[in-house]
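First up is the structure itself, then whatever we jot down about it.
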Amino acid sequence: MTRIRANCPSCGDIDLRPQDIALHVVRSEAGEVAAGSSYTFACPACTGHIVKPADERIARLLATGGVPVNITSDDAHGTPAPHPAHPEDPPTGPAFGYDDLLDLHLLLQRDDWFVTLATAQPRRR
């Protein structure tokens, strides 16, 4: 299980699980982490509610550690910012099934698999 080390102003260094932390990222128009981004957690020792600023480095470390990310834009309305596709936010559509897996396996056995995949049109079901 992933453990994330954080610092409580009262208790010092503590270990947290990803689900113990909430990461709020404010995206600028350029897509970068903007001012106002933060992460919060409840200290397991003193139960204090801790809020700390999150820059680009901290946001990346926490997100790759499994911390769920809440993203908004830095406009006045706080509307969700467009962001690239993420594994936790998959596109809609039919699930990848056993037949699809077998088709992919057979395709990867061919020498032209990359060209075939690069030029393929999405299948409608």
Side-chain angles (χ1 to χ4, degrees):
M1 179 186 304
T2 303
R3 291 285 182 188
I4 298 170
R5 179 143 308 203
N7 186 277
C8 171
S10 301
C11 306
D13 287 342
I14 55 171
D15 287 333
L16 300 168
R17 298 170 301 170
Q19 62 265 29
D20 297 333
I21 303 169
L23 174 60
H24 176 77
V25 174
V26 178
R27 291 271 182 206
S28 67
E29 287 186 24
E32 299 165 348
V33 174
S37 298
S38 62
Y39 64 101
T40 61
F41 58 92
C43 177
C46 69
T47 66
H49 182 74
I50 314 300
V51 179
K52 298 213 170 205
D55 59 10
E56 185 78 34
R57 185 182 71 81
I58 296 293
R60 283 184 190 269
L61 285 171
L62 291 174
T64 57
V67 173
V69 183
N70 176 22
I71 300 176
T72 58
S73 67
D74 63 353
D75 67 5
H77 305 292
T79 55
H83 56 284
H86 198 268
E88 284 79 18
D89 188 21
T92 59
F96 195 79
Y98 293 116
D99 289 338
D100 300 312
L101 183 62
L102 179 58
D103 290 343
L104 178 62
H105 174 74
L106 294 172
L107 176 63
L108 292 174
Q109 301 302 311
R110 298 178 15 198
D111 290 335
D112 66 338
W113 69 268
F114 184 80
V115 173
T116 303
L117 285 176
T119 59
Q121 297 295 318
R123 262 192 335 191
R124 302 284 183 229
R125 292 186 185 206

Distance col, row I4:CD1 vs I21:CD1, nearest 0.5 angstrom, shows 4.0 Å

In short, salt bridge (charged side-chain N to carboxylate O under 4.0 Å, His left out) pairs touching residues 42-70 with sequence neighbours left out are E56-R60

Interatomic distance, CG@L62 vs CG@L23, rounded to 0.5 Å, equals 5.5 Å

Sorted by chain and residue number, the salt bridge (charged side-chain N to carboxylate O under 4.0 Å, His left out) partners of D112 (sequence neighbours excluded) come out as R110

Contact check, side chains of T2 and R17, non-hydrogen atoms, under 4.5 Å: no

Hey, any chance L106 and F114 share a hydrophobic cluster, counting ILVMFWY side chains that come within less than 4.5 Å of each other, even indirectly? no

OG of S38 to CD1 of I50, rounded to nearest 0.5 Å, is 12.5 Å

task = State yes or no: do L108 and L102 share one hydrophobic cluster built from I, L, V, M, F, W and Y residues joined by side-chain heavy-atom distances below 4.5 Å, directly or via other members?
result = no

Here the gap from H105 atom NE2 to D100 atom CG, rounded to the nearest 0.5 Å, amounts to 14.5 Å

Contact check, side chains of Y39 and I58, non-hydrogen atoms, under 4.5 Å: yes

I'd like to check C43 versus S10 (side-chain heavy atoms, cut-off strictly below 4.5 Å). Are they in contact? no

Checklist line | Side chain proximity check, F41 to I14, heavy atoms < 4.5 angstrom | finding: yes

Sorted by chain and number, sequence neighbours left out, salt bridge (charged side-chain N to carboxylate O under 4.0 Å, His left out) with D111 holds for none

